[in-house]
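Note that the coordinates shown come from a computational prediction; the quantities given were computed from them, not determined experimentally. Chain letters run A, B, ... following the sequence lines, proteins first, then strands; residues in each count from 1.
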Protein chains: 2
Amino acid sequence: MSRKASTDRIGIHEVAKAAGVSLMTVSRAMRGVDGVSDRTRKRIVRLAQEMGYFPNSAARALAVTNSTLVGISLPTLMNDVFADVLSGMRRTLDQAGYSSVMDTSDYDLARELAWAERTLAWRPAAIILTGVDHLPDLHARLSRARIPVLELWDVTEAPIDICVGIDHGAAGLQLGRHLADLGYRKAAYVGAPPGFDPRADKRFAGLARAFRDVGAQALRRIPVSGGNSFAAGAEGFGQIDLSDRPDVVCFLTDNMAFGGLMAAQRAGLDVPGDIGITGFNGLDLTTVMTAPITTLRTPRRQIGVQGAKHLLARLNGLTPAPVTVLPCELLPGATTRQV
Amino acid sequence: MSRKASTDRIGIHEVAKAAGVSLMTVSRAMRGVDGVSDRTRKRIVRLAQEMGYFPNSAARALAVTNSTLVGISLPTLMNDVFADVLSGMRRTLDQAGYSSVMDTSDYDLARELAWAERTLAWRPAAIILTGVDHLPDLHARLSRARIPVLELWDVTEAPIDICVGIDHGAAGLQLGRHLADLGYRKAAYVGAPPGFDPRADKRFAGLARAFRDVGAQALRRIPVSGGNSFAAGAEGFGQIDLSDRPDVVCFLTDNMAFGGLMAAQRAGLDVPGDIGITGFNGLDLTTVMTAPITTLRTPRRQIGVQGAKHLLARLNGLTPAPVTVLPCELLPGATTRQV
DNA sequence: TTGTACGCGTTATCAC
DNA sequence: GTGATAACGCGTACAA
């Protein structure tokens, strides 16, 4: 291949030559492993510093057939939900020396798969996915890669490897029962269209069941989409058939609920007098409001931290619990009837 | 090294053997470059598919001394600001075949440096940083790496390589002049403490200058911190000396402004009757409100897209403009006096 | 404590 | 159109 030995690019060879030692001594010195006297190590490290030498992770990965890269796939970062998860996760992984190859899929499973293929080519130490619903091909690829896989945010009895999240069906049920207990019987739901977000669908199913269980009118679903969830919530509220006199509107997220609340106010409706409103996630926004939105707090950051910890354990040869379900906390607010 | 030739891990050799061709033919076939007949190429690709073979990017990076990894450092993802930037950026980079090694620094320059050192070890094709203020060591490291560097969100006449962002000083001035034009003369500012976020400091300086220019009372700064910017805004509002009768409070961000607005309402103040409130960024939240918060819209997504495009041009050997300043749009709202 | 030989998986080069 | 060989930069195993 006779590429010119680019004179400016300093590699481990140059350092070794300059230090008058072998290549291996430099390698050992830089890694801080045994096999080098303290004196020579210090000399080498200082020299490397001066010469501007630093190891090549790709070469190391190749040599040890194992890297310090972790792939992370999130559906979106457009609301604080996954930013919280990611933040908790990165801190933990960072301290363990892992870098992350990250991307968002925009809830598109094909994009998730494409990302995974590209990322897998880097032979990452582990892969982190959002949710437990993926394209069959992805599942196959991942199994073949024989690397730890963490599925976040949602849970299943049969994870690819391990999973840490909440039970979205139960969460929907928890919120729905609260509303049913408050006497609500004619609920509407505003959220992503069916099939868009599996977790949203599970929550909807839980909600619907809660109302069904008390013999209430079937929960009707109003699909909305668009990048601006605040606007989507407002728009969704506008599409509700008010002549049907729904008593409460459940939104997919807090942001949508906020948008819906604004729309309700503009429509001259009193909340919760005329109609109730609920969100989901317990974001900072809703809790700081003078009249907080009734919602369910999801342990987002904890999911990230716990997930990362389990993954690290897995990477260290331990066997963490394959399934970890974290609890949600009901946050009764001022947008639904008081007890 | 005599590691057992792990019989399960299929590499390019196995495919070559199975196809009855040389290693190079497989390499060429997989990459889609010239030098292979269409028939053998198809045969090889199909075979690789069946055998579950896919290239090793680390090895490729080593061989071509150049990778398809781009490092991205953001201060935080906890508000939609950088999520927007990132989203615009990733899409563009993704289409060009680049993966990204990403992390957040939490506005800690030392963390930014540590991240850069770790990331540089992967010999990325380019590095993307937020802001134009970094530790001197980072600047040195980056220059030595001789790779394209994009600085985002802020601009400077002397970028490390290229930069795309807004002029924060001018943005502060723009908002301040608008307020001065509305007759405000006793303004207060609630935001991160000096030194925490260089961009925030520049905006504060611009704001302060606008009021100074009209001979108004000096802008007083109320430092707040904490991860929850909504709560921080509310808390900051509480710390304002109302007996001094400020006529307007400028918040560092929209989220803080929202928190401040809630605090004002709780304090029984009329906004904008008793006091004005402004935010910064023009997030979806404020624009959907029944009474929108006066703010300045920042071209976040555009910064990401434009930045990524310039970087790609740079990677392709072109010479994009070293400095790109994007405009902000004033969004007069209902939380300040009407004209 | 230090050095040597080889292999990790891929690509550039050049010969056939 | 196809193959042999030498890098790419580093770590493991073992010899010195």
W122(B) CH2 - dG9(D) P separation (whole Å): 15 Å
N56(A) CG - dC10(D) C1' separation (whole Å): 8 Å
Residue pair L120(B), F54(A): steps toward the side-chain contact (heavy atoms from CB on, under 4.5 Å) verdict: CA-CA 9 Å; L120(B) 247 15; F54(A) 57 100; 3.9 Å; yes
Rounded distance (Å) that lies between atom C1' of dG9(C) and atom CG of L62(B): 9 Å
Separation of atom NZ in K17(A) from atom C1' in dG3(C), rounded to whole Å: 16 Å
SB check R146(A) D161(A) (cutoff 4.0 Å): no
Rounded interatomic separation in angstrom, taking CD1 from I12(A) and P from dA7(D): 18 Å
Rounded distance in Å - CG (N66(B)) to P (dT10(C)): 17 Å
L326(B) versus I166(B), closest heavy-atom pair with distance: O-CG2, 3.6 Å
R60(A) CZ to dG9(C) P, straight-line distance once rounded to whole Å: 17 Å
P75(B) and F196(B), any side-chain heavy atoms less than 4.5 Å apart: no
Non-hydrogen atoms of S67(B) and P124(B) that approach each other most closely: OG-CA, 3.5 Å
Stepwise side-chain hydrogen bond (donor to acceptor under 3.5 Å, both in side chains) check, R31(A) with S27(A): CA-CA 6 Å; R31(A) 277 180 296 157; S27(A) 171; 3.1 Å; yes
Residue of the set T130(A), I72(A), I303(A), T104(A) for which side-chain contact (heavy atoms from CB on, under 4.5 Å) holds with F82(A): T130(A)
Overall bend - the helix from dT1(C)-dA16(D) to dC16(C)-dG1(D), comparing terminal axes fitted on five pairs, nearest 10 degrees: 30°
Single hit among I127(A), L109(A), I160(A), L129(A) for side-chain contact (heavy atoms from CB on, under 4.5 Å) with L138(A): L129(A)
Sugar-phosphate, base or nothing in reach of H13(B), heavy atoms under 4.0 Å: base
Stretch residues 22-42 of chain A: residues that reach within less than 4.0 Å of DNA chain D through a heavy atom: M24(A), S27(A), R31(A)
Partners passing ring-ring contact (aromatic ring centres under 6.0 Å, His included) against W115(B) (at least two apart in sequence or in another chain): none
